[in-house]
Amino acid sequence: GDAGVVRQMQDDALKAEVYHPLALGHYANHPPAGLRPNVLAAAYDVPPEGEGVEQLRWCVPNVLCGGEGEELADEETYGAGRPCLIPSLVLVASEPIEDGQEVFLNYRLSPATRPEWYQPVDAEEEERRWA
């Protein structure tokens, strides 16, 4: 039933997070004061099927939601019968990163929700962003 499908999706998601060699975004920290980010975030929508996708599918830790054989489609955006893209976020190195070096990503947090430890990377840029 539905409970079994939900449990399987949860299990698959946990495996992707724990075992996938490229699911490492949660290790990227905001740089402390005086340091710059060394990665940038980029949105990338992965097609669930098509030329070359099968060879690269192992690289995508995202888990599709839906029952076996169920058509996944965003009809408004892609048209009826076309499969949904898998929304993803990739981290792209902005400079060479050495083995063992910490990965820093500018979190760009809203001034309304910033914790005490947060220091803007570029105060002028953040002021323009949240103005």
Side-chain angles (χ1 to χ4, degrees):
D2 288 342
V5 171
V6 170
R7 169 53 68 197
Q8 184 61 50
M9 289 176 3
Q10 290 170 335
D11 289 347
D12 289 348
L14 180 59
K15 287 177 190 171
E17 181 178 335
V18 174
Y19 298 114
H20 199 285
L22 300 178
L24 302 172
H26 55 289
Y27 289 116
N29 292 312
H30 183 78
L35 291 179
R36 306 278 311 158
N38 54 10
V39 296
L40 303 168
Y44 179 72
D45 293 333
V46 181
E49 56 190 33
E51 186 176 337
V53 172
E54 289 303 315
Q55 294 86 353
L56 298 175
R57 183 64 181 106
W58 73 270
C59 296
V60 182
N62 303 56
V63 178
L64 286 172
C65 297
E68 186 68 30
E70 199 174 307
E71 183 76 25
L72 297 174
D74 178 348
E75 293 185 16
E76 184 177 316
T77 305
Y78 303 107
R82 293 194 58 197
C84 283
L85 299 174
I86 304 167
S88 300
L89 191 66
V90 296
L91 299 182
V92 180
S94 58
E95 61 187 54
I97 298 174
E98 301 295 326
D99 189 27
Q101 182 179 351
E102 189 164 4
V103 175
F104 291 120
L105 171 68
N106 186 354
Y107 288 0
R108 291 186 168 97
L109 298 180
S110 165
T113 61
R114 290 182 183 161
E116 288 183 29
W117 56 262
Y118 183 88
Q119 293 293 316
V121 170
D122 181 337
E124 289 179 15
E125 184 267 335
E126 291 209 12
E127 187 175 317
R128 286 190 308 273
R129 178 183 182 93
W130 299 108

Given N106, L105, L35, the one that forms side chain to side chain contact (heavy atoms under 4.5 Å, CB included) with V121
N106

Would V39 end up clustered with Y27 when hydrophobic side chains under 4.5 Å apart are linked, directly or stepwise?
no

Rounded to the nearest 0.5 Å, the CD atom of E127 sits from the CD atom of E125 at a distance of 11.0 Å

Distance check, rounded to the nearest 0.5 Å: E95 atom CD versus L40 atom CG?
9.5 Å

Residue pair P120 / R114, side-chain heavy-atom distance below 4.5 Å:
yes

So Y107 and W117, would you call those rings parallel, tilted or perpendicular, with 30° and 60° as cut-offs?
perpendicular

How long is the gap from CZ on F104 to OG on S94, to the nearest 0.5 Å?
12.0 Å

Which heavy atom of E126 sits nearest to which heavy atom of Y118, and what is that distance?
OE2-OH, 2.7 Å

Search all heavy atoms of L109 against all heavy atoms of W130 and return the closest pair with its distance.
O-NE1, 3.5 Å

Side chain of N38, backbone of V103: donor and acceptor closer than 3.5 Å?
no

Taking all heavy atoms of P96 and all of Q101, pick out the closest pair and write down the distance.
O-OE1, 3.9 Å

